[in-house]
Enquirer: 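Sharing a structure with you now.
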Amino acid sequence: MPTRSSAAELAIVHPDAAGIDIGAQFHVVAVAPERDDQPVRSFRSFTQDLHALANWLKQVGIRTVAMESTGVYWIPAYEILEAHGFEVFLVNAREAKNVPGRKTDVNDAQWLQKLHQFGLLRASFQPRQNLSALRAYLRQRERLLEYAAAHIQHMQKALMQMNLQLQHVVTDMTGATGMRIIRAILAGERRPGILASYRDSRCKASEETIRQALIGHYRPEHLLALQQAVTLYDCYQQQVALCDQYIEQVLHGLATCYTAPPKPGIVACGNAMASPLMPVRRCTPCWGWT
């Protein structure tokens with residue numbers, strides 16, 4: 001940590017600065033010693049305590065807050081502080097550690113407050129409102145597709161255990177041909193010729209090739225595994241479709257808002273957005289304009 005003489009030489013960039021050490025159950029908040037008789041306080045991570053944290057920072061005249069991006073624990077604190085009007089600096093923990101100083105001699109929150117006060121921390125990019133929601137929906141959609149992919153492998157395993165080599169004769173087992181045949185098998189059809197007749201006209205493999213690949217040895221335990229894998233795959237596909245609806249709604253809102261950058265001091269967009277998926281609300285600066 002800078003000594004008194006070196007700290008005095010540094011220019012104060014953020015005079016109304018606070019630092020927060022984010023934790024799973026408690027957040028430790030530090031302000032400058034002259035701001036309060038108790039400049040370091042601890043708040044629980046419950047929502048009401050986060051609002052109390054914000055109110056205390058307002059009482060002592062804080063305008064900017066620095067916190068580290070610890071897991072996902074920072075998200076509620078970040079959003080609540082931002083809603084209270086604070087400028088929140090979300091910083092990478094590695095950057096704080098790379099600043100010279102004996103970090104172990106001071107409280108983490110005090111160290112963050114001091115570094116932030118002298119402008120030694122760089123804020124990570126955080127998209128605002130609709131852009132942040134769009135990113136969250138896209139990430140959720142990506143996770144759902146990953147989960148669904150695991151059940152495709154379960155389907156392939158169950159088929160191979162019955163020596164039904166469908167994945168070797170169709171390019172995509174979850175395509176039109178593959179899913180028609182799999183659903184027919186689960187419906188009780190066992191005749192290879194009938195199953196092969198579900199071949200889509202765009203399938204490269206011939207009907208005879210598919211027929212030969214579908215001569216198998218059916219067992220109840222493998223059929224159960226196939227049934228459950230298909231059910232779970234369908235469930236994830238339904239959730240992906242739901243995410244697509246939310247993504248489409250956000251994109252529509254962004255397209256409506258994105259006309260031209262407004263003049264300074266004017267809100268980017270005052271359009272009301274309504275959707276059966278989202279409540280009616282005001283679209284304030286979607287693109288970060290102020």
Side-chain angles (χ1 to χ4, degrees), residues 22 24 45 47 50 67-83 88 90-93 123-159 166-167 170-183 186 200 202-203 225-259 268-269 271-289:
I22 298 294
S45 58
T47 300
L50 294 179
M67 64 175 66
E68 293 180 352
S69 53
T70 306
V72 296
Y73 304 123
W74 62 270
I75 295 177
Y78 182 97
E79 293 178 346
I80 289 176
L81 288 172
E82 192 177 47
V88 186
L90 183 67
V91 300
N92 193 313
S124 303
F125 170 72
Q126 284 297 309
R128 294 189 180 181
Q129 298 180 4
N130 278 358
L131 288 178
S132 179
L134 178 61
R135 184 173 68 172
Y137 292 144
L138 289 172
R139 287 178 174 176
Q140 175 66 9
R141 187 181 191 277
E142 184 179 0
R143 281 192 292 267
L144 291 172
L145 290 175
E146 291 176 356
Y147 300 152
H151 296 297
I152 295 175
Q153 295 176 342
H154 298 160
M155 283 189 271
Q156 292 175 342
K157 180 180 178 181
L159 290 171
L166 181 63
Q167 65 267 36
V170 297
T171 305
D172 181 10
M173 198 176 71
T174 58
T177 299
M179 292 309 295
R180 285 177 189 171
I181 293 174
I182 290 174
R183 296 188 193 282
L186 294 176
D200 189 87
R202 294 167 294 179
C203 184
L226 180 62
Q227 174 68 71
Q228 293 183 337
V230 170
T231 300
L232 291 170
Y233 173 80
D234 289 341
C235 179
Y236 282 117
Q237 291 302 311
Q238 292 172 4
Q239 300 309 310
V240 168
L242 182 59
C243 278
D244 289 340
Q245 294 181 45
Y246 277 89
I247 291 169
E248 183 180 358
Q249 168 64 21
V250 175
L251 289 175
H252 175 72
L254 291 174
T256 304
C257 298
Y258 188 61
T259 53
C269 174
N271 295 327
M273 295 172 56
S275 167
L277 300 175
M278 297 181 180
V280 176
R281 60 186 177 83
R282 285 285 173 181
C283 176
T284 58
C286 302
W287 296 88
W289 297 323

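If you read the sequence from its start, that first residue is 1, and numbering goes on from there.
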Enquirer: What's the shortest heavy-atom distance between Met173 and Leu159, and which atoms?
Expert: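 Distance-wise, the nearest heavy atoms are SD-CD1, 3.6 Å.
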
Enquirer: How long is the straight-line distance from OG1 of Thr231 back to CG of Leu226, given to the nearest 0.5 Å?
Expert: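 One finds 9.0 Å between CG of Leu226 and OG1 of Thr231.
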
Enquirer: Shortest non-hydrogen contact from Gly178 to Leu166?
Expert: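 Reported closest heavy-atom pair: O-CD2, 3.8 Å.
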
Enquirer: Side chain to side chain contact (heavy atoms under 4.5 Å, CB included) between Gln238 and Leu242: does it pass, once the steps are laid out?
Expert: CA-CA 6 Å; Gln238 292 172 4; Leu242 182 59; over 6 Å; no

Enquirer: Heavy atoms only: give me the nearest Ser45-Ala24 pair and the separation to one decimal.
Expert: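 Ser45 and Ala24 have their closest heavy atoms at OG-O, 3.1 Å.
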
Enquirer: What I'd like to find out is whether the side chain of Gln140 reaches to under 4.5 Å of the side chain of Leu144, using heavy atoms alone.
Expert: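 In short, these two side chains touch, coming nearer than 4.5 Å.
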
Enquirer: CD/Gln237 to CG/Asp244 distance, rounded to the nearest 0.5 angstrom?
Expert: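 One gets 9.5 Å once the value is rounded to the nearest 0.5 Å.
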
Enquirer: From Leu232 CG over to Gln227 CD, what is the distance, rounded to the nearest 0.5 angstrom?
Expert: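 The distance works out to 10.0 Å.
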
Enquirer: If the plane angle is over 60° it's perpendicular, under 30° parallel, otherwise tilted; pick one for His151 and Tyr236.
Expert: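 Because their plane-to-plane angle is under 30°, the rings of His151 and Tyr236 count as parallel.
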
Enquirer: For a 4.5 angstrom cut-off between non-hydrogen side-chain atoms, does Lys157 reach His154?
Expert: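 Not touching, per the 4.5 Å side-chain cut-off.
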
Enquirer: Checking side chain to side chain contact (heavy atoms under 4.5 Å, CB included) for the pair Leu145/Arg141: CA distance, chi angles, key distance, verdict?
Expert: CA-CA 6 Å; Leu145 290 175; Arg141 187 181 191 277; 3.5 Å; yes

Enquirer: Can you measure from OG1 (Thr174) to CG (Asp234) and round to the nearest 0.5 angstrom?
Expert: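 Result: 10.5 Å between the selected atoms.
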
Enquirer: One pair to check against side chain to side chain contact (heavy atoms under 4.5 Å, CB included): Ile22 and Glu68. What are the steps and the verdict?
Expert: CA-CA 7 Å; Ile22 298 294; Glu68 293 180 352; 5.8 Å; no

Enquirer: Hey, does the side chain of Ser69 reach the backbone of Leu90 with a donor-acceptor pair shorter than 3.5 angstrom?
Expert: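 Checking the backbone N and O of Leu90 against the side chain of Ser69, no donor-acceptor pair under 3.5 Å is found.
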
Enquirer: Of all the heavy-atom pairs spanning Tyr73 and Pro76, show the shortest one and how long it is.
Expert: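 Nearest pair, atom of Tyr73 first, then Pro76: O-CD, 3.5 Å.
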
Enquirer: For a side chain to side chain contact (heavy atoms under 4.5 Å, CB included) check, start with the C-alpha distance between Val91 and Met67, then their side-chain angles and the critical distance, and finish with the verdict.
Expert: CA-CA 6 Å; Val91 300; Met67 64 175 66; over 6 Å; no

Enquirer: Roughly how far, to the nearest 0.5 Å, is CD of Glu79 from OG of Ser132?
Expert: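 Those atoms lie 6.5 Å apart.
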
Enquirer: Can you tell me how far the CG atom of Leu251 sits from the CG atom of Leu134, to the nearest 0.5 Å?
Expert: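 Answer for the CG-CG pair, Leu251 versus Leu134, is 5.0 Å.
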
